[in-house]
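Note on naming: letters A, B, ... go to the chains in the order of the sequence lines (proteins, then strands), and numbering restarts at 1 for each one.
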Amino acid sequence: MRILTAMDSHSYSRDIIPDVARLAANTWADLTLLGVQQDKNGPDRKMVEAMMSYQDELLAHVNREETLYEPISSADLKETGKGTWQASSRGRKKLTICLRAGDALKSILAQAEDEESDLLILGCTRGFDCEWENELGLPQKVAKEANCSVLVIKEQKKASQISSFLDQTNVSQQSLELINQLVTLHDAGLKIVGLKGQKGLIGKEDVEKKMMELLKYYNERKISAWIKMVDMENLEDYVVTATREGIVALWVGKKSLLSKIFSRDLVGKLVSRSQSSILILR
Amino acid sequence: MNEKRTLSILILDDEPIVSKRLKPSLEKRGYVVETFTESLKALKRIKERNFDIVITDLKMEGVDGMEFLTEVKKRSPETEVIVITGFATMETAKESFKKGVFDFLSKPFKLGEITEIIEKAEEKILSR
Amino acid sequence: MKKALLCLDENLASSIALRYADCIPDLIETDIYLIHVEEPDKRQQAGTGWVRRTMEKGIKELGREAVQRLLRTEKVKFRFKGAPNIVVGDREREILFELKVGEYDLYIEGNVSTPNPAEFFDLVTSKLYSKAPCPILMVKNLAVNNRVALLCGDGVDHDLLVGSFLHLTDNRDVEVDMVFYKFQEKNEISFLDRKEGGSDLEAVEKALLEGGKQIKGCHVVSGTPEVVGDYLKDFAFVASTLPTRKSPRMEVMANTPVSLLLCH
């Protein structure tokens, strides 16, 4: 499993380290810490310092019981492409620190693509905003445009359940496996949420079949899973309630009907309304 | 002239999709691959012959992956075992390494990730 | 051996109810019979004599195929009693008729509606639910364990609840929790002192122990129906009396994702 963590020098990026560390320590994933900066001439001193301090904090969490990653020194950062500086270490698993200069969204998406990441994690400001400093709507854009699953962490919280919305039938094996890891990590239950509009379930019989398949899949794996139907008009309230108890997830497919129904983009809306973490599954 | 040894790989995962994805790709790379979705059948097979590399899931009905890999290492300590799991915890990873596994990989993973690990295991085997 | 009737349609609710059947033997010692009702539309009801009989035969055949498809898809391990009974007519009337003539101990059906209290109220006060001659098991999800809860308080006839529950679960080693609910406009669950449950709770406990049940826990809980409904999600089912009026307890039952045993 390859995890990419996108960070800047603000506190919301530091706040996600305990969550990233817990996920990495349990899954023994290859991990990349990506820092984004404006200056294209060389590694920004402030950003390098921030990344090194993030690394120290991460390793203090992860390597407590087992040395999973070897530390990287700032001197090891080498230019690997235009506006990209990178260094890796090989402990039991691979740790990479990378700095990319330029547009933050493009940098994050390019890194995820280059590494074929399975999960991209980033933090954001709390409350009903979900922002990065000086980067309007960045978490929402990353969640919407990345090719892999994205976890946006607003506030560190123990998740007792994961509520995952399903409005289409495009559910990848990778997304099922990612849910498995998260329910194991949090010892949480899973709610498979269907949405009912005026004409019944969004996605009709196809989604019903997929919901049943998912319920069976998790039931056979002894994962506590429940089907839950929510009225479209109560969706936003439900999201707020669900985030109090854990992670809100959304299976995103090319044919996602919800995004067509909503006047505003659904992913952005969920990311904004959620008060803890939101997981976009691909 | 030294001919490159063909390595044998056994894959055990109760989700058929895993073997379906891995088998053709590994065969293309020249490995001889046998796949199993039931641990009891795989257990029977390792009693018949040794494999160079065993790739096993952990959470399975019947004999679980931890018991299976213990049996593999008991019968053939030279076999390199790679654990793949959809339900990873720090404890299962540590226990796997205690039992001498070569590497531990959490699902989801890309084909490139597991072939990289297999290649490293191959290097180790061929350097003996 | 008890007798239960499970109504099937070709939908998600029935798929869940079918799969739930696999865990029923651990909770209730019962044979389960299957029924499917095809409701003809007005056009199909036209005609008399041979025309009507032929039409009904065709509708019945379609219904039989639908049920067979469902049974094939779900591959349930539970052995149902006899062949599915395929009936043409008004769903409520036909099920009620079968429940009465067949002298069943339990009626089972799936339900995957939203937690909308008005919708739930309409269902539990429908002719089928209110006139059913036996308790109703409304299956909302698969069971995650064998523990069940008795939801008490707020207008529950405790003698009726315990009596029906014991009748259905005798001969079964079912672990029971007693949950006494008190409404509070608070978005998190509070666990109150046991004495808040009053003498009702003591009477329920006494009756359950006399009935040979193991009581695993006794909880007096308060909060909104949403949070209390969610708190109940780890039980195989929650038993309570059939609500006859809108109340916070009814809303708990509407909100919980767990299956309900409705006694009346």
Quick one: donor-acceptor pairs between chain B and chain A, under 3.5 Å, side chains and backbone, table format.
| residue | atom | partner | partner atom | Å |
| --- | --- | --- | --- | --- |
| B:E15 | OE1 | A:Q173 | NE2 | 2.9 |
| B:E15 | OE2 | A:Y217 | OH | 3.1 |
| B:K59 | NZ | A:R221 | O | 3.1 |
| B:T85 | O | A:Q181 | NE2 | 2.9 |
| B:G86 | O | A:Q181 | NE2 | 3.3 |
| B:A88 | N | A:Q181 | OE1 | 2.9 |
| B:M90 | N | A:N26 | OD1 | 3.0 |
| B:K94 | NZ | A:E65 | OE1 | 2.4 |
| B:D103 | OD1 | A:K93 | NZ | 3.0 |
| B:F104 | O | A:K93 | NZ | 2.7 |
| B:S106 | O | A:M1 | N | 3.4 |
| B:S106 | OG | A:T27 | O | 2.6 |
| B:K107 | O | A:Q181 | NE2 | 2.8 |
| B:K110 | NZ | A:E116 | O | 3.4 |
| B:K110 | NZ | A:D118 | OD1 | 2.8 |
| B:E113 | OE2 | A:M1 | N | 2.5 |
| B:E116 | OE2 | A:R90 | NH2 | 3.1 |

| query | Which pairs count as ring-ring contact (aromatic ring centres under 6.0 Å, His included) when at least one residue sits in residues 37-94 of chain B, sequence neighbours excluded? | reply | none
Measuring heavy-atom distances to chain B, does [X] have an atom under 4.5 Å in its side chain, in its backbone, in both, or in neither?
X: A:A25; value: both
X: A:L178; value: both
X: A:I223; value: side chain

| task | Only counting residues at least two apart or in another chain, list the ones meeting salt bridge (charged side-chain N to carboxylate O under 4.0 Å, His left out) with B:K28. | result | none
